[in-house]
Chemist: 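Structure incoming, see below.
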Amino acid sequence: ATLAGFHSVDRALRQDFVRFGQLALTGLSYRSSPAALHIREVLAQGAYFKLVIAPDQTTNIADVLSPRRAKAGDPAAGDDAAAAVAPAPARRALQARIDRIRVRDSSANFADLSIRPNFATGIGQLHGTLLGLSSDPATRAAVSLDGKVDRYAPVEIRGEANLLAASVYTDLSASFSNIELPTFTPYSGKFMGYKIARGKLNAHFHYLIDDRKLDAQHKFTLDQFTLG
């Protein structure tokens with residue numbers, strides 16, 4: 001199955017949310033009873049994702065994942081309210097497995113509209129793989145992604161994650177090298193009252209989530225950090 005030219009926007013900010021040039025699925029196998037889905041490979045070509053913090057500090061992800069908000073005079077509002085009250089029938093969870101996800105020529109952007117001037121940055125030339133994605137809580141998917149910030153600063157993301165299982169597990173490290181510090185002037189202006197004249201940033205993040213407990217470690221190195 002192939003889906004090409006997909007483009008979506010969030011409901012509140014009307015900003016780009018997820019888009020991709022082509023999403024190709026090969027080796028699909030589905031069984032209805034018990035419900036099970038197996039996909040041998042997913043190829044995401046020219047994929048794009050954008051995380052936006054709105055002026056009220058909400059995010060576009062929270063808006064997309066929240067239930068549909070009924071508007072006054074909406075004829076479907078009553079039906080939505082009744083459906084929310086009615087108990088949902090018990091269903092057996094779908095057993096899902098994706099052997100490999102390949103990402104090619106993709107990118108991800110971040111924008112913070114809660115500060116003035118607005119802050120925005122992105123990871124381009126993103127490529128890599130996710131291996132062994134499964135809804136089985138005992139499994140771990142291997143994550144290996146590489147990209148660049150502002151076209152020149154390399155980014156490496158490595159680790160394990162279980163994104164489809166109910167009990168969340170994540171053990172990921174992300175390294176950013178030689179990021180131009182003037183990019184962060186909107187934050188230095190807000191919190192320190194100064195622009196950043198020059199400098200480079202190296203950052204390393206490690207996140208371990210196990211049984212809904214988070215252990216986060218961050219290491220930053222500033223080189224030739226100069227305020228304007």
Side-chain angles (χ1 to χ4, degrees), residues 10 13 15-22 42-55 57 59-61 100-131 133 140-161 163 169-209 214-228:
D10 68 85
L13 299 172
Q15 299 256 354
D16 284 355
F17 182 57
V18 173
R19 69 173 187 258
F20 48 79
Q22 185 181 74
V42 175
L43 171 61
Q45 182 85 25
Y48 172 88
F49 168 73
K50 187 171 186 177
L51 170 63
V52 180
I53 299 177
Q57 296 190 342
T59 68
N60 58 338
I61 294 179
R100 179 169 65 174
I101 298 177
R102 287 194 294 156
V103 179
R104 288 182 178 175
D105 301 327
S106 297
S107 59
N109 271 45
F110 169 76
D112 189 346
L113 308 182
S114 66
I115 62 173
R116 298 290 182 183
N118 298 152
F119 172 79
T121 189
I123 300 176
Q125 304 177 43
L126 188 63
H127 62 277
T129 59
L130 286 81
L131 303 177
L133 202 61
R140 304 286 184 260
V143 180
S144 178
L145 296 170
D146 295 276
K148 293 185 178 180
V149 175
D150 296 330
R151 296 185 297 174
Y152 302 110
V155 178
E156 292 185 357
I157 302 174
R158 300 287 187 273
E160 296 180 328
L163 305 179
Y169 176 87
T170 300
D171 185 2
L172 286 178
S173 295
S175 297
F176 299 79
S177 304
N178 295 320
I179 298 177
E180 294 288 345
L181 277 172
T183 302
F184 299 94
T185 284
Y187 289 109
S188 67
K190 177 178 180 179
F191 296 109
M192 295 189 296
Y194 291 93
K195 293 181 178 181
I196 300 178
R198 65 188 180 96
K200 295 289 185 70
L201 168 68
N202 296 320
H204 180 79
F205 308 99
H206 180 243
Y207 297 102
L208 175 63
I209 302 174
L214 170 66
D215 178 12
Q217 300 179 18
H218 312 90
K219 181 179 180 180
F220 298 92
T221 302
L222 307 180
D223 184 21
Q224 303 298 316
F225 177 44
T226 305
L227 292 175

Chemist: Please give me the minimum heavy-atom distance between Phe20 and Ala47, naming the atom from each residue.
Modeler: CB-CA, 3.7 Å
Chemist: Do Asn109 and Leu51 have side chains that approach each other closer than 4.5 Å (heavy atoms only, starting at C-beta)?
Modeler: no
Chemist: Does the pair Arg158/Asp146 count as a salt bridge with the N-to-O cut at 4.0 Å?
Modeler: yes
Chemist: Do the rings of Phe184 and Phe119 sit parallel, tilted or perpendicular, given the 30° and 60° boundaries?
Modeler: parallel
Chemist: Is a side-chain N or O of Ser114 found less than 3.5 angstrom from the main chain of Asp112, in a donor-acceptor match?
Modeler: no
Chemist: Output yes when a side-chain donor or acceptor of Thr170 lies under 3.5 Å from a complementary backbone atom of Ile209, and no otherwise.
Modeler: no
Chemist: Would you name the heavy atoms of Ile115 and Pro186 that are closest together and state the gap between them?
Modeler: CD1-CB, 3.5 Å
Chemist: Does His204 offer a backbone N or O that forms a donor-acceptor pair with the side chain of His206 under 3.5 Å?
Modeler: no
Chemist: Side chains of Phe205 and Leu172: closer than 4.5 Å at any heavy-atom pair?
Modeler: no
Chemist: For the CZ atom of Phe225 and the CG atom of Leu201, what is their distance to the nearest 0.5 Å?
Modeler: 10.0 Å
Chemist: Out of curiosity, Leu131 CG to Arg102 CZ, how far, rounded to the nearest 0.5 Å?
Modeler: 11.0 Å
Chemist: Does the side chain of Asn118 come within less than 4.5 Å of Arg116's, by heavy atoms?
Modeler: yes
Chemist: How far does OH of Tyr187 sit from CG of Leu181, to the nearest 0.5 angstrom?
Modeler: 14.0 Å
Chemist: Can you check whether Thr183's main-chain N or O pairs, donor with acceptor, with Thr185's side chain at less than 3.5 Å?
Modeler: no
Chemist: Hey, what do you get for CG (Leu208) to CG (Asp171), rounding to the nearest 0.5 Å?
Modeler: 5.0 Å
Chemist: Please give me the minimum heavy-atom distance between Val155 and Val149, naming the atom from each residue.
Modeler: CG2-CG2, 3.4 Å
Chemist: Could you pull out the closest heavy-atom pair between Ala141 and Leu133, with the gap in Å?
Modeler: CB-CD1, 3.7 Å
Chemist: Within a radius of less than 6.0 Å around OH of Tyr194, do more than 12 heavy atoms belonging to other residues, nucleotides or ligands occur?
Modeler: no
Chemist: Taking the side chain as everything from C-beta on, heavy atoms only, tell me whether Asp105 gets closer than 4.5 Å to Gln45.
Modeler: yes
Chemist: Shortest non-hydrogen contact from Gly124 to Ser107?
Modeler: CA-CB, 4.1 Å
Chemist: Nearest 0.5 angstrom please: Asn202 CG to Ser175 OG, how far?
Modeler: 9.5 Å
Chemist: Please report the shortest heavy-atom distance between Asp10 and Phe17, naming the atom on each side.
Modeler: N-CB, 4.0 Å
Chemist: From Glu160 CD over to Ser173 OG, what is the distance, rounded to the nearest 0.5 angstrom?
Modeler: 10.5 Å
